[in-house]
Every structure is written in structure tokens, then in C-alpha cells.
Amino acid sequence: MGLKKAFTSSLEDVIEKAGGCAVVDGGFATQLERHGAAINDPLWSAVCLIKQPDLIKRVHLDYLEAGADILITSSYQATIPGFLSRGLSIEQGELLLKKSVKLAVEARNSFWDALKVTPDHRYNRALVAASIGSYGAYLADGSEYSGCYGPRVDVDKLKDFHRRRLQVLVEAGPDLLAFETIPNKLEAQACVELLEEQNVQIPSWICFSSVDGENAPSGEGFKECLEVINKSNKIHAVGINCTPPHLIQSLICKFKELTSKAIIVYPNSGEIWDGKAKRWLPAKCFDDENFECFATIWRDSGAKLIGGCCRTTPSTVQAISKVLKGQSQ
Ligand SMILES: C[S+](C)CC[C@H](N)C(=O)O
Ligand SMILES: N[C@@H](CCS)C(=O)O
Ligand SMILES: [Zn+2]
């Protein structure tokens with residue numbers, strides 16, 4: 001095992017310290033945009049790794065102040081092929097991936113250190129989860145919400161896509177790995193196989209998107225999607241992200257039947273991403289009050305990790321934290 005870091009803490013510890021249900025942060029890209037970042041770009045929020053790293057740290061601090069127990073890094077759409085197509089070298093791309101973890105760790109550490117002068121604070125020391133967006137996120141065509149990767153994409157292609165980024169992110173030393181917005185069974189299988197192949201020791205979660213509240217976006221049932229995940233001891237939590245809030249409760253109930261792993265949910269605001277126009281289409285939008293009410297229901301239905309995804313903000317996370325921890329921070 002070697003020397004244990006003074007702060008080594010598992011996902012399970014954080015859930016326990018948070019009182020049984022930990023708070024994940026909220027829409028990362030959304031908060032970047034609220035600070036003025038322009039992310040209409042094939043790299044989406046990851047463009048700020050190149051242009052505005054200080055803003056990334058600011059967003060992480062916003063979510064820590066709001067009460068997040070877990071920060072998700074800025075690497076959702078950061079990939080080596082994506083950086084190469086911007087004219088950067090492999091080495092520069094790898095440095096940017098490492099920087100995504102470093103920025104979140106620095107934000108977490110400085111926030112935690114600053115709390116030393118107020119010993120009666122109610123914050124937990126947050127964990128940093130390195131975001132690994134789906135292949136569909138990299139394609140930047142909205143296919144993380146359709147699961148349609150075409151007939152030429154097989155499990156080996158997906159593993160090849162994910163391999164180097166995974167290795168670099170693991171080397172950067174996050175507390176967790178967050179596979180996000182996975183739209184089909186094939187990609188879940190690729191992620192699980194890679195974690196085994198690389199013998200990754202950092203605990204992971206895998207989150208699917210869903211558009212109908214029943215199945216993965218590909219149309220595959222979650223029963224078959226979860227089969228491969230359930231067999232892996234590298235995956236510590238499984239759930240749903242970037243999906244409208246009104247679909248979440250029944251998905252939690254479904255997942256409860258299908259897995260004994262911790263269930264994680266971090267829905268979006270209910271708006272729908274138009275992958276072609278690259279904008280959010282107004283739909284039934286859920287505000288912080290809805291989230292406060294939903295979060296209690298989701299916790300009571302069995303979720304152990306709750307947060308927000310796209311178009312949610314620090315005030316959403318503050319509302320979730322307040323209701324789950326019975327306090328105002
Ligand atoms: C989570 S979606 C809104 C991220 C952006 C998408 N992959 C795109 O580039 O169109
Ligand atoms: N972690 C990403 C998820 C996009 S679906 C973000 O919050 O920007
Ligand atoms: Zn999202």
C-alpha cells in the first residue's frame with residue numbers, strides 16, 4: 001500500500017460525512033458562461049483550459065462555497081485529438097488534461113485551508129472527480145444524448161479513444177474518476193474494460209444520460225447496460241447525469257432494482273441541448289425550489305450522491321446542500 005496520504009478519503013467516507021447523501025457540484029460549463037466565458041467551440045468548456053484557467057478555478061470555488069462535497073474537473077470535452085485539431089502537440093494536450101485536475105485540487109485545497117480560521121464551519125473537505133466525457137461529447141454533435149455512434153464504432157475504437165486521456169488523468173492524481181453522459185452499453189463496456197486493463201486504483205462512477213426516463217439514449221435498457229458495470233469492483237457508483245429532473249425519481253427506483261452500487265444523480269435544468277445549433281432549447285425548466293424538493297425525494301428513493309448538471313448553478317447546489325444537510329452554509 002505504501003504511505004497513506006493524510007487526507008486519503010473514499011467516496012464512501014464522503015457520503016458518510018455528508019450524513020448519508022453527498023452533494024456533487026453543478027453545471028460547470030454553465031457557471032463558466034455566467035462568468036463571461038465563450039464556449040461555443042468544439043472543445044466546449046475545455047477551451048477555457050487553454051484560454052482562461054483562472055476562471056476554471058473561480059467556478060470550482062463558487063461550487064465549494066455553495067456546499068459541494070465533490071468537484072468535477074473541466075476535462076469533460078478535453079481530449080488529445082480535440083487539442084491536436086487546435087494545433088497543439090500531444091505533450092501540450094496532456095499538460096492541459098493534468099491542469100484540469102490541478103486547478104480543481106488547488107481550489108479545493110485553498111478553500112479548505114481558508115476554513116481553518118473558522119473551526120465551526122459545516123463544510124466537508126471536497127473530493128476531486130476527473131471528468132471523462134463520452135465519445136459523443138468529443139464528437140460535439142449532441143450524440144451523448146442519442147447514443148448513435150454509427151456502425152463503425154466498436155468497443156476497441158471506444159477503448160482507444162478513452163485510453164490515453166484516462167492514463168493522463170489518473171497520473172494527475174484525482175480522488176475519483178467521473179465517466180459522464182454515457183449514452184449506450186458499448187461505451188459503458190469500453191470504460192469498464194479499460195479500468196481493468198489499466199488496473200486503475202482510483203474509484204470511478206459511471207453516469208448515463210437518458211431522454212425518455214426509461215432507457216439509455218441508444219434505446220438499450222439499463223438492465224443490460226448495468227450488467228457489465230455490476231461485475232466491476234472499480235466502479236463505486238452508477239447513475240444518471242444531464243437528464244431532466246422529472247425523469248430522475250423513476251430512474252433511481254429502476255437502478256435500485258438493478259444494482260447494489262451507490263446511486264448518483266445530477267440532472268440538468270430540464271432544458272434540451274440542440275447539438276446542431278449548439279444551444280439550449282427552452283423546455284420545462286426546473287428552478288432551485290424544485291431541486292430542493294426533488295433532492296429530498298431522490299435521497300429518500302435511495303440516491304447517495306446528488307448534484308446538478310448543465311444549466312444548474314451554485315445556487316442550485318446551495319439549495320441541494322441546504323436541504324440534504326439541514327443547514328444553510
Ligand atoms: C453536455 S453537452 C451540452 C456538451 C456540448 C456538446 N458535446 C457539444 O459540443 O455540442
Ligand atoms: N461536467 C460537465 C458535464 C456536462 S454534461 C459540466 O458540468 O460541464
Ligand atoms: Zn450536463
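Just so you know, ligand 1 is whichever comes first in the structure, and atom 1 is the first atom listed for that ligand. Heavy-atom basis, side chains included; hydrogens, waters and symmetry copies ignored.
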Enumerate the pairs of nitrogen or oxygen atoms, one from ligand 2 and one from the protein, separated by less than 3.5 angstrom; state names and distance to 0.1 Å.
unit_1: ligand 2; atom_1: 1 (N); unit_2: E180; atom_2: OE1; d: 3.0
unit_1: ligand 2; atom_1: 1 (N); unit_2: E180; atom_2: OE2; d: 3.3
unit_1: ligand 2; atom_1: 7 (O); unit_2: F28; atom_2: N; d: 2.9
unit_1: ligand 2; atom_1: 8 (O); unit_2: A29; atom_2: N; d: 3.2

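- For the pair T243 (side chain) and N241 (backbone), a donor-acceptor distance under 3.5 Å is present.
- Taking the ring centroids of H246 and F294, they lie at or beyond the 6.0 Å cut-off.
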Exercise for review: Check step by step if salt bridge (charged side-chain N to carboxylate O under 4.0 Å, His left out) holds for K231 and E227.
Suggested key: CA-CA 7 Å; K231 288 183 197 137; E227 264 160 18; 5.8 Å; no
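- Residue A137 approaches ligand 1 through these ligand atoms, each under 4.0 Å from one of its heavy atoms: 7 (N).
- Residues Y123 and F111 bring their aromatic ring centres within 6.0 Å.
- Contact atoms of ligand 1 toward W280: 3 (C) (distance under 4.0 Å to a heavy atom of the residue).
- A cation-pi arrangement is present between K284 and F286 under the rule of less than 6.0 angstrom and at most 45 degrees off the ring axis.
- Within ligand 1, the atoms closer than 4.0 Å to a non-hydrogen atom of E144 are 1 (C), 2 (S), 4 (C), 6 (C), 7 (N), numbered from 1 in the order shown.
- Between E180 and the options Y76, Y266, W205, a side-chain hydrogen bond (donor to acceptor under 3.5 Å, both in side chains) holds for only Y266.
- Here 3 is the count of protein N, O or S atoms positioned under 2.8 Å from the Zn ion (ligand 3), waters not counted.
- Those atoms of ligand 1 with a heavy atom of Y76 less than 4.0 angstrom away are 1 (C), 4 (C).
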Practice item. Assess whether side chain to side chain contact (heavy atoms under 4.5 Å, CB included) is satisfied between S218 and K185, documenting all intermediate values. Key: CA-CA 8 Å; S218 59; K185 180 188 168 184; 6.0 Å; no
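- Between K157 atom NZ and R152 atom CZ the span is 8.0 Å, to the nearest 0.5 Å.
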Review point. Yes or no on salt bridge (charged side-chain N to carboxylate O under 4.0 Å, His left out) for E197 and R163, after CA distance, side-chain angles and deciding distance?
Key: CA-CA 10 Å; E197 178 200 283; R163 187 173 290 102; 2.9 Å; yes
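- Nearest heavy atoms, G147 versus P183: CA-CB, 3.5 Å.
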Exercise for review: Please step through salt bridge (charged side-chain N to carboxylate O under 4.0 Å, His left out) for the pair D69 and K325, ending with a clear verdict.
Suggested key: CA-CA 11 Å; D69 299 310; K325 297 175 186 169; 2.8 Å; yes
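- Closest approach of T181 and C242 over heavy atoms only: CG2-CB, 4.4 Å.
- Linking Ile, Leu, Val, Met, Phe, Trp and Tyr whenever their side-chain heavy atoms come within less than 4.5 Å puts L61 and V101 in one cluster.
- Nearest non-hydrogen protein atom to atom 10 (O) of ligand 1 is K278 NZ, 2.6 Å.
- The protein heavy atom nearest to atom 1 (C) of ligand 1 is Y145 OH, 3.1 Å.
- Nearest protein neighbour of atom 9 (O) of ligand 1, counting heavy atoms only, is Q77 NE2, 2.7 Å.
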